[in-house]
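First the structure, in the form of structure tokens, and then the observations on it.
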Amino acid sequence: MGGYFSSLRAKERRIVEDIEEYDPHGPDRVVQPARAVQLVIDESGLDGFQWKVWLVAASGFFTTSYSIFAVNVVSPALSYVYPECRSGWSTNSLALTLTTLIGTMVGMVLFGHLADRYGRKAIYGFELGIVVVATVGMTTASSGHRNSMNVYGWIGFWRALLGIGLGAEYPLSAIIAAEWSSTKSRGKMIAAVFLMQSIGQLAAYALGLVILYGVGSALGLSRGETDYEVASPVIDVVWRVTIGIGAIPALISLILRRIIPETPYYLAEKGKVADAMEAAVHLYARDGNVLPTDQGSTIASRRSSGIFEPAASQYSGAPQPESRGRESWIMAVAKYVGEVKRHLAEKGRWRALVGVMATWWILDLAFYGLGLDNPNTISTIWLSKPPPQSDISTSPGELECRNATWRADPARPDITIYEMLEQDSIRSLLTISTGALPGSLIILFAIDYLPRTTWMGWMFVVLAGLFAINGGTFFVTFQTDKHALTVTLYVLAQVIFNLGPNTMTFILPAELFATKYRGTFYGLAAASGKLGAVTILLFMKLGINEYNHEFAGMLLGFCPAMLLGAFITWVWIPEVQYPRGHEGKPVTGDDASDAGVPIESEMATFRRRLKLPNIPLADIAENPGQGQILGMRRNIARLFRGKRTQGGDADERKNSAEEGARMFGSDEQRDSVDDDGRRGDSRLEEVDVSDGLEARETHRGPYPIRHHPSYELSER
């Protein structure tokens, strides 16, 4: 044990020594807070505490996914137990779906901003409290004595509240994982959190099936029961148990979240840099030891001398608590909006925000437009022959309204509610989870080897091709024994969704923005996705008939939408990784011994060379794009220039690299002018790489990129 503690103290000593070495301004100047914090976190790599962070964030996101999809699983049960006679725009199911989506949008934007204003820890867990309350409330909703209340009104209220809690989970889980991750493990950590969406989805379908079997067997409901008076009490228990069980993981995650302290990034942003570094070193020491006496006194002296205090000019935009209390609410809002506008205008940061918002909106158009959680849509793609007709009535909805909205399979007009719920869960498992889960697992292991932005763009292109094929073949496979082709293409689309845009739109907003605005901008990006879901839902209600060729037309319409998503990704979203082969000193990480000494076999070295190193969060925030060409006009011009220069001698192109770099600096200099008319003072150097990063920036500041302390630690 003595050797273990000695290695910890040696690691802590290296942290302080590295900070002292990379303090470019001397003992009387300020160390850039975010860089100092990143240095501390990067020292430990993917250690035990970061796995605790993942467990807490993942458990909450699992709860979110389960709750969202469990509601869809039991929607036929609600329509059966509480029949409705309305159709079209006035249906209760449409109102409940819109209410949930709007609540989710509110939760994303509101809690994302609150996390920036009051801190991650102050908000983290509060949203799960909302989820627990709303889940319990929904399971107790009823129509009262002799229909004295409107059950759908109560369910709608609780679902709106549930949506707020579920929406808040998106920005909070992502930014917590990003800010507690080392630079090396950041992509894998956030991807592992998003994996919980597929697992929660699978759990909702599987548990819905298990609960149906268990409750049905315990209460004596047979699969072929058609008597409403016998079946409805049992089905009422089934949907309430399926929904209510989601409160259990939410409650567990709520308790676990109290063990996660405030992120060092946020503390540094608020000027508490010494506290941030002490907290990070303390947590990553793993044995609970604070810094040894000599290192502790070093940080304490730096705190007293003001070295770790933020420069006034750097944080002048953040009003101090005393002055904030004297400002009116309107003035404070106006001041904040002005700060956001100035921040986005600098270095074209608005492109990244608009890019992730637009691509998430386009993604959810298709993702929710497929309607795979809608029993009607699932039944449509599984339809193998023209549907028969039946006059058999098995519920009050058919007797009173001459319809049965819960009976969603036109191929089986005599299906019972038990069979409908069973069939819906099984088909959802086969159609959705068999594609979504493998896609999420593959991207989890491949995330460090793929350029995230470039990969997302190409996956949009692949989706465009799939939708073109699926829409075209649907005319042939609809209501025939060839429907298996449509099902297979749907499964493949789910693989590509999670292998590309669905995962990347969750990861990128947590990496692209500065700590001060990360929660707010993430909330806006996520909310734009749900706005896409609302858009396609209303569009489908305007005139898309799921049982004819109009559905095939909608699939074909998704093809140009996906191509637009690829184009926006290309022109507006910068990469968050260095080019492959970017060399730097080894970073203590996943392949390190307890003493912090890197252990690399030949295979480990080969894998390291294949990886694309993540750019530290501080660098991304300071220099978005790292020299990557952004903007429609510039990229299109570069594309045509590339075509004109094709066909030249390879050796001549190689020998003229320096000349090309000079030409880039002169020809494109006017294109690098900031939106406010000022010319940027960064010099761009064009590089030929294969992963989508056509240019890298030579940073002229106190921390040159090739010597940045956030990913290069001195070896002592």
Side-chain angles (χ1 to χ4, degrees), residues 72 75 87-91 93-94 97-98 101 358-387 405 408-411 424 427-428 430-432 435-436 459-498 500-502 528-569:
N72 296 321
S75 59
S87 61
W89 287 94
S90 60
T91 58
S93 59
L94 175 62
T97 302
L98 288 175
L101 289 174
T359 50
W360 209 330
W361 183 82
I362 291 171
L363 165 69
D364 280 2
L365 278 179
F367 190 75
Y368 287 89
L370 292 181
L372 289 178
D373 293 307
N374 184 337
N376 292 327
T377 306
I378 293 180
S379 299
T380 298
I381 66 174
W382 282 80
L383 196 59
S384 60
K385 59 184 178 181
T405 56
D409 187 0
D424 191 26
R427 287 181 172 179
S428 294
L430 295 176
T431 310
I432 303 174
M459 290 300 99
F460 267 125
V461 174
V462 173
L463 283 172
L466 275 177
F467 282 125
I469 297 172
N470 210 348
T473 58
F474 191 81
F475 290 101
V476 178
T477 62
F478 183 55
Q479 295 184 357
T480 70
D481 56 1
K482 299 177 182 178
H483 67 283
L485 175 61
T486 301
V487 175
T488 302
L489 290 172
Y490 260 60
V491 173
L492 186 57
Q494 284 297 307
V495 174
I496 302 302
F497 268 132
N498 283 17
N502 202 26
S528 67
K530 292 301 174 283
L531 181 61
V534 172
T535 303
I536 193 63
L537 178 64
L538 296 179
F539 176 77
M540 292 178 68
K541 288 296 180 180
L542 279 174
I544 298 297
N545 188 335
E546 294 173 338
Y547 296 129
N548 62 29
H549 295 325
E550 293 179 12
F551 186 72
M554 185 186 70
L555 293 176
L556 291 174
F558 288 146
C559 179
M562 297 300 102
L563 293 177
L564 178 61
F567 179 73
I568 292 174
T569 302

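All residue numbers in this chain count up from 1 along the given sequence.
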Does some side-chain heavy atom of Val534 sit less than 4.5 Å from a side-chain heavy atom of Leu98?
-> yes
Non-hydrogen atoms of Leu363 and Asn502 that approach each other most closely | CD2-CA, 3.6 Å
Closest heavy-atom pair and its distance - Thr431, Val491 | O-CG2, 3.6 Å
Chi angles and distances behind the side-chain contact (heavy atoms from CB on, under 4.5 Å) call for Leu463, Phe367 = CA-CA 11 Å; Leu463 283 172; Phe367 190 75; over 6 Å; no
Closest non-hydrogen atoms of Ala464 and Cys559, given as atom of the first, atom of the second and distance, are O-SG, 3.3 Å
Between CZ on residue Phe478 and CZ on residue Phe551, distance to nearest 0.5 Å | 9.5 Å
Could you check Gln494 against Leu370 for side-chain contact (heavy atoms from CB on, under 4.5 Å), going step by step and ending with a plain yes or no?
-> CA-CA 10 Å; Gln494 284 297 307; Leu370 292 181; 4.2 Å; yes
Non-hydrogen side-chain atoms of Asp364 and Lys530 separated by less than 4.5 Å | yes
From Trp360 atom CH2 to Leu365 atom CG, the distance as rounded to the nearest 0.5 Å = 14.0 Å
Rounding to 0.5 Å, atoms CE (Met554) and CZ (Phe539) come to a distance of 8.0 Å
Distance from Leu101 atom CG to Leu537 atom CG, nearest 0.5 Å?
-> 7.0 Å
Considering all heavy atoms, the nearest Asn498-Ala436 contact | ND2-O, 3.0 Å
Which atom of Ser528 lies closest to which atom of Trp361, heavy atoms considered = O-CD1, 3.1 Å
Between Phe467 and Leu556, is a side-chain contact (heavy atoms from CB on, under 4.5 Å) present by the stated rule, with each step listed?
-> CA-CA 6 Å; Phe467 282 125; Leu556 291 174; over 6 Å; no
Do you know the tightest heavy-atom contact between Asp424 and Asn72?
-> OD2-O, 4.5 Å
Please test Phe497 against Met459 for side-chain contact (heavy atoms from CB on, under 4.5 Å), starting from the C-alpha separation and ending with a verdict.
-> CA-CA 8 Å; Phe497 268 132; Met459 290 300 99; over 6 Å; no
Who are the side chain to side chain contact (heavy atoms under 4.5 Å, CB included) partners of Leu564, not counting sequence neighbours?
-> Ile362, Ile568
To the nearest 0.5 Å, what is the distance between CD1 (Ile378) and CZ (Arg427)?
-> 8.5 Å
Side-chain H-bond candidate by donor/acceptor type, Thr359 with Thr569, under 3.5 Å = no
Would you call Trp382 and Val487 a side-chain contact if the rule is heavy atoms closer than 4.5 Å?
-> yes
Rounded distance (nearest 0.5 Å) linking atom OH of Tyr490 with atom OG1 of Thr486 | 8.0 Å
Which residue, Val476, Ile469, Thr480, Thr473, forms the side chain to side chain contact (heavy atoms under 4.5 Å, CB included) with Leu485?
-> Thr473
